[in-house]
Amino acid sequence: MKRALSGIALSVLWLLIVAVCLEVGLRLLPQAVPLSFLSRFDPGIRSEIAARRDLTRSADTVLLPRSDGGPPARMWLYKPGFVVTTHDQEEGVVGQVQMDQNGLCNSPADLYEAPRFDVIALGDSFTWCTAVRAEEAWPARLQAMSGLSTYNTGMSGRGLYEYLQILQHFGLPKRPDIVVMAVYEGNDFRDAHRFHRARAGDEEAGEQFVCAFSWKALCRVHELLDGTFLRRSSYAYNLVSGAVHALSYSATKDEIDFRYEVRFSDGETLEFNSENGDRDEVQYARWLVEGQLSTGLFDEALEEWMALSAQHGFMPVLVYVPSAYTAYVDQSRFEDPAVETVLRAYSGTLRDYFAGQAGRLGYVYVDATPAIQKQSQVLSSSDRLYFRSNVHLTQQGHEVVARALFAALSQQESGRVPDQTP
């Protein structure tokens, strides 16, 4: 018995030594905490670590009021002048970008104090300057090509219903002649679904985690300790808690493999989405293709946009921005062929829907997919249109979108119908 107790005491002592060493190490080097674990840390500790690592915190943002009943948290903006730091190490990624006086991505030359803008650009992170400079995003490139003054109101994590709220807050006061709404193929459908759920009083859709049966005891201990002093104060506990969560809980979409390879014209093959992120895109694609959800989720937003167009006298232009897997459709190979099949059907369904709604409602439809696919087939691996890591548009990708828009607007001015053929 004494030997057993001595063994237990020694084990506890070593456990305490390891815990203290881990705590000290993490406090000295918070960069060692994986971002996937940091998202599950206690909010106070998470904010502290984020500040030390130049990550965005809630304290760096402000909330715009919204009037449509949608989720308020979707209306955050960066504080005026905030410097956003990007931590992707991929070649070509711009590390830091400073926001303008509204917390939006525009160069200092595009001062919002101007009495009016010719063009207001609406969109999400594919319009915002994700890993590119403000002057390299497609709204700024469109301004450079056309000479039309353009203001970029794009922001990450938005959908069509949020675009309209931002349009009313920042865009309409500037009396634009043209409002360009950029619809991103990957997740605008998801965001429309979340809007309708929130307005109906349901909680926002998100990952649902279930404890694996073989880990029930570990899950129970984890849940009991979750609201304790350890959770609120210890870096080490939060890291171990994140590891326990990753080990013993599984998300509803954990089985999805969203990684794929792209072969370029120079013979080089590169892996995209190597971290298997944004898997909910595949889940929502399945729900659309299987008929569990409908493109009708967009109807109300498009109809409201057209009503605002009639009321304020601007030309509505919708540009469809494809995901990287659609841009490289003839050059890509998915780890899971079934994922490729559903994503192709999803892309076709969305593009047909927005083209059909253009005929019904009367907005100008610019599908950037053919132009992007054409360029993707001839460019080498060093001239990618999408970043491999975050799968957003590169500087070259933004340029192609801007050119497609410029061509369509030029045709509108001359009275011709934009050519949407590949």
Side-chain angles (χ1 to χ4, degrees), residues 64 66 68 70 74-75 104-106 117-130 137-143 146 148 150-192 195 295-323 350-369 371-372 393 398 401-402 404-409 412 418 420:
L64 286 179
R66 67 183 304 166
D68 59 359
R74 294 277 167 184
M75 293 303 298
L104 298 168
C105 184
N106 293 278
F117 287 97
D118 299 317
V119 180
I120 294 295
L122 309 174
D124 61 4
S125 55
F126 280 70
T127 298
W128 187 75
C129 45
T130 303
W138 68 256
R141 296 305 305 143
L142 176 63
Q143 175 173 285
S146 65
L148 298 171
T150 303
Y151 190 71
N152 185 354
T153 69
M155 200 64 207
S156 301
R158 307 303 139 91
L160 272 66
Y161 293 93
E162 286 75 29
Y163 302 164
L164 296 178
Q165 292 289 298
I166 290 177
L167 171 63
Q168 294 179 66
H169 193 93
F170 292 111
L172 295 182
K174 296 301 178 180
R175 299 177 289 112
D177 293 324
I178 302 169
V179 173
V180 179
M181 177 186 288
V183 173
Y184 170 54
E185 178 174 86
N187 54 31
D188 274 357
F189 182 62
R190 175 205 67 192
D191 294 331
F195 165 80
T295 51
L297 292 171
F298 292 120
D299 287 355
E300 186 179 337
L302 294 178
E303 290 165 1
E304 181 182 349
W305 184 43
M306 295 304 297
L308 290 172
S309 169
Q311 180 181 355
H312 295 274
F314 61 78
M315 178 195 299
V317 179
L318 189 149
V319 58
Y320 185 91
V321 181
S323 300
L350 287 182
R351 292 165 64 194
D352 288 345
Y353 166 79
F354 286 110
Q357 292 297 98
R360 182 176 78 89
L361 297 173
Y363 58 77
V364 178
Y365 180 51
V366 183
D367 185 357
T369 307
I372 288 180
L393 293 169
H398 279 278
V401 172
L405 271 169
F406 177 54
L409 292 177
Q412 284 291 310
Q420 294 297 317

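In what follows, every heavy atom counts, from backbone to side chain, and hydrogens, waters and symmetry copies are set aside.
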Side-chain donor/acceptor of H398 to backbone N/O of A137, under 3.5 Å: no
Value rounded to 0.5 Å, distance of SG in C105 from OH in Y151: 9.5 Å
Exercise: identify the closest heavy-atom pair between A402 and R141: CB-CB, 3.6 Å
Distance (rounded to the nearest 0.5 Å) between L164 CG and E304 CD: 5.0 Å
Y161 vs E300 side-chain heavy atoms within contact, under 4.5 Å: yes
Interatomic distance, S309 atom OG to I178 atom CD1 [nearest 0.5 angstrom]: 11.0 Å
Flag side-chain contact, heavy atom, 4.5 Å: V401 against I372: yes
Q357/M306 under side-chain contact (heavy atoms from CB on, under 4.5 Å): CA gap, chis, key distance, verdict: CA-CA 11 Å; Q357 292 297 98; M306 295 304 297; over 6 Å; no
Check: V321 main-chain N/O paired with E185 side-chain donor or acceptor under 3.5 Å: no
Close side-chain approach of M75 to I166, heavy-atom, < 4.5 Å: yes
T153 side chain vs A121 backbone, donor-acceptor pair below 3.5 Å: yes
Distance-minimising heavy-atom pair for G154 and W128: O-CD1, 3.3 Å
Test item: D68 and F195 side chains (from C-beta on) under 4.5 Å apart, heavy atoms: yes
Side chains of V366 and L318 in contact at under 4.5 Å (non-hydrogen atoms): no
CZ-CG distance between F189 and L350, expressed to the nearest 0.5 angstrom: 7.0 Å
Test item: Y363 side-chain N/O and M315 main-chain N/O as donor-acceptor pair under 3.5 Å: no
Ion pair R158/D124, N-O distance below 4.0 Å: no
Spacing of CE belonging to M155 relative to CG belonging to L64, to within rounding of 0.5 Å: 10.0 Å
Pair R66 + E162: basic N to acidic O under 4.0 Å: yes
Taking every non-hydrogen atom, the tightest pair across P176 and G171: CD-O, 3.4 Å
Flag for Y184-D191: side-chain donor and acceptor within less than 3.5 Å: no
Donor-acceptor pair, side chain of N152 and main chain of T127, under 3.5 angstrom: yes
Whether T130 side chain and S125 backbone form a donor-acceptor pair below 3.5 Å: yes
S146 side-chain N/O to L142 backbone N/O, donor-acceptor pair under 3.5 Å: yes
Beyond-backbone contact of L160 with L302, side-chain heavy atoms, under 4.5 angstrom: yes
Donor-acceptor pair, side chain of T150 and main chain of L148, under 3.5 angstrom: yes
Contact check, side chains of L167 and L308, non-hydrogen atoms, under 4.5 Å: yes
Derivation and outcome, side-chain contact (heavy atoms from CB on, under 4.5 Å), residues V319 and Y365: CA-CA 6 Å; V319 58; Y365 180 51; over 6 Å; no
Verdict with supporting geometry, V180 and V119, side-chain contact (heavy atoms from CB on, under 4.5 Å): CA-CA 7 Å; V180 179; V119 180; 3.9 Å; yes
Main-chain N/O of G186 paired to S323 side chain as donor or acceptor, under 3.5 Å: yes
Close side-chain approach of F354 and D367, heavy atoms under 4.5 Å: no
Straight-line distance of I120 CD1 to D177 CG, nearest 0.5 Å: 10.5 Å
Full working for side-chain contact (heavy atoms from CB on, under 4.5 Å) between D188 and Y163: CA-CA 11 Å; D188 274 357; Y163 302 164; 3.1 Å; yes
